[in-house]
Amino acid sequence: SQQGEEDPQALSIQEGENATMNCSYKTSINNLQWYRQNSGRGLVHLILIRSNEREKHSGRLRVTLDTSKKSSSLLITASRAADTASYFCATRAGSYQLTFGKGTKLSVIP
Amino acid sequence: GAGVSQSPSNKVTEKGKDVELRCDPISGHTALYWYRQSLGQGLEFLIYFQGNSAPDKSGLPSDRFSAERTGGSVSTLTIQRTQQEDSAVYLCASSLKSGLAGGYEQYFGPGTRLTVT
C-alpha cells in the first residue's frame, strides 16, 4: 500500500537554484529514506533520517523530518544539471519493508 | 566492490510464456528484496529474503509469481504465463541485514525491463 506521497509530482528549475521536495506519510515510522533514480533504472540511496532526528545534512542535501505532521522534505541546494532525476521517499515502519512513494521528477535546466 | 547485478537488462516475451529474472546481490548481504515498478509509478514490494528464514511473499501479485534464493546468494524471480500487465521494470535490492530498529540502506541493481507483447 502507498505510504509516502511526494509533492510536487514534477519540478523544473534553473541550474543553481534550490530544489525542495516534500513527502507525507500515514503511519508511524522508524526511519525515512530518500532515493534517487535516473532514467527509470536502479535507485541510489541518498540519505536516511531516523524518527528521533529532525534534520540531517549530506553535502548539498538537507532533509528534515516532522513526525507530528508525518512529513519530510528534501532540499537540494545549488542544483546542477546532473541532479535531474526522480526522487523517492521510502518509509520503514517496524518491519524490513520499505514503502515507496510515486516520486518527484526533477528537471534542472542548464 | 561489485554492486547488485541483474540479468537480463531487457526481456521481451510473448504473452503466456514463462520468464526468469536473475539477481546477484552484493557479497555478504543477507537481505534481498524484489520490487516491481510500472511506468511512472513508485516501487511495489514483491518478496523479501533474509538469510535462511522463510521468505516474505506477501507482495507477490498472483500465484504466477515465485522466487527463490539459492545458497543465500543469487535469487531468481519467475513469472509463469506472463500477461501484458506484468510489463514493468523489476528491481532487486540487497542490504547488510534488516532489523526492527536498523535502517540499513538498500542497494539496488539496474533492473530488468520486462515487456510482454
Side-chain angles (χ1 to χ4, degrees), chain A residues 1-10 21 23-26 28-53 56 58 61 63 65 72 85-107, chain B residues 3-7 9-10 23-26 29-51 53-59 87-115:
Chain A
S1 60
Q2 200 78 34
Q3 165 75 310
E5 293 278 347
E6 291 90 346
D7 165 57
Q9 291 184 349
M21 288 160 272
C23 170
S24 60
Y25 56 92
K26 297 174 184 174
S28 297
I29 60 172
N30 287 335
N31 65 65
L32 185 146
Q33 304 181 30
W34 285 90
Y35 286 79
R36 183 182 73 200
Q37 184 180 38
N38 290 84
S39 304
R41 286 299 195 172
L43 279 72
V44 175
H45 182 269
L46 295 176
I47 196 165
L48 178 153
I49 186 165
R50 299 187 189 279
S51 59
N52 61 354
E53 297 175 313
K56 205 160 183 181
S58 177
L61 304 180
V63 168
L65 179 64
S72 173
S86 291
Y87 292 82
F88 294 87
C89 69
T91 54
R92 185 172 178 141
S95 72
Y96 43 78
Q97 282 193 35
L98 285 181
T99 306
F100 288 81
K102 292 186 178 181
T104 292
K105 191 170 184 178
L106 173 67
S107 298
Chain B
V4 177
S5 62
Q6 291 185 246
S7 61
S9 56
N10 287 283
C23 172
D24 282 89
I26 293 173
H29 281 194
T30 58
L32 186 147
Y33 311 77
W34 281 98
Y35 296 90
R36 178 170 72 175
Q37 184 178 32
S38 300
L39 187 63
Q41 299 295 308
L43 274 68
E44 174 189 6
F45 167 79
L46 296 178
I47 189 170
Y48 161 76
F49 295 89
Q50 170 60 54
S53 302
D56 177 355
K57 305 178 182 180
S58 61
S87 295
V89 176
Y90 289 81
L91 292 160
C92 173
S94 69
S95 66
L96 273 171
K97 66 177 184 179
S98 64
L100 287 180
Y104 298 100
E105 63 182 85
Q106 295 184 14
Y107 293 81
F108 282 80
T112 293
R113 186 178 298 278
L114 175 66
T115 303

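Chain letters run A, B, ... following the sequence lines, proteins first, then strands; residues in each count from 1.
Annotation: K105(A), atom NZ; neighbour count of heavy atoms from other residues, nucleotides and ligands within 6.0 Å does not exceed 12. Around atom CD of Q9(A), no more than 12 heavy atoms belonging to other residues, nucleotides or ligands sit under 6.0 Å away. Summarising the local packing, OH of Y107(B) is surrounded by 12 or fewer heavy atoms from other residues, nucleotides or ligands at distances under 6.0 Å.
Only the side chain of S58(B) comes within contact range of chain A, judged by heavy atoms closer than 4.5 Å. Looking at Y35(B), the atoms closer than 4.5 Å to chain A (heavy atoms on both sides) all sit in the side chain, from C-beta outward.
In this structure, CD on E105(B) lies 9.5 Å from CG on L46(A), to the nearest 0.5 angstrom.
Take A90(A) and apply the side chain to side chain contact (heavy atoms under 4.5 Å, CB included) test, not counting sequence neighbours, and it matches Y35(A), L98(A), F100(A). For S5(B), the side chain to side chain contact (heavy atoms under 4.5 Å, CB included) partners two or more places apart in sequence, or in a different chain, are D24(B).
Contact annotation: the side chain of L91(B) approaches that of Q37(A) to within less than 4.5 Å [non-hydrogen atoms, C-beta and beyond].
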key: side chain to side chain contact (heavy atoms under 4.5 Å, CB included) evaluation trace for Q106(B) with Q33(A)   = CA-CA 10 Å; Q106(B) 295 184 14; Q33(A) 304 181 30; 5.6 Å; no

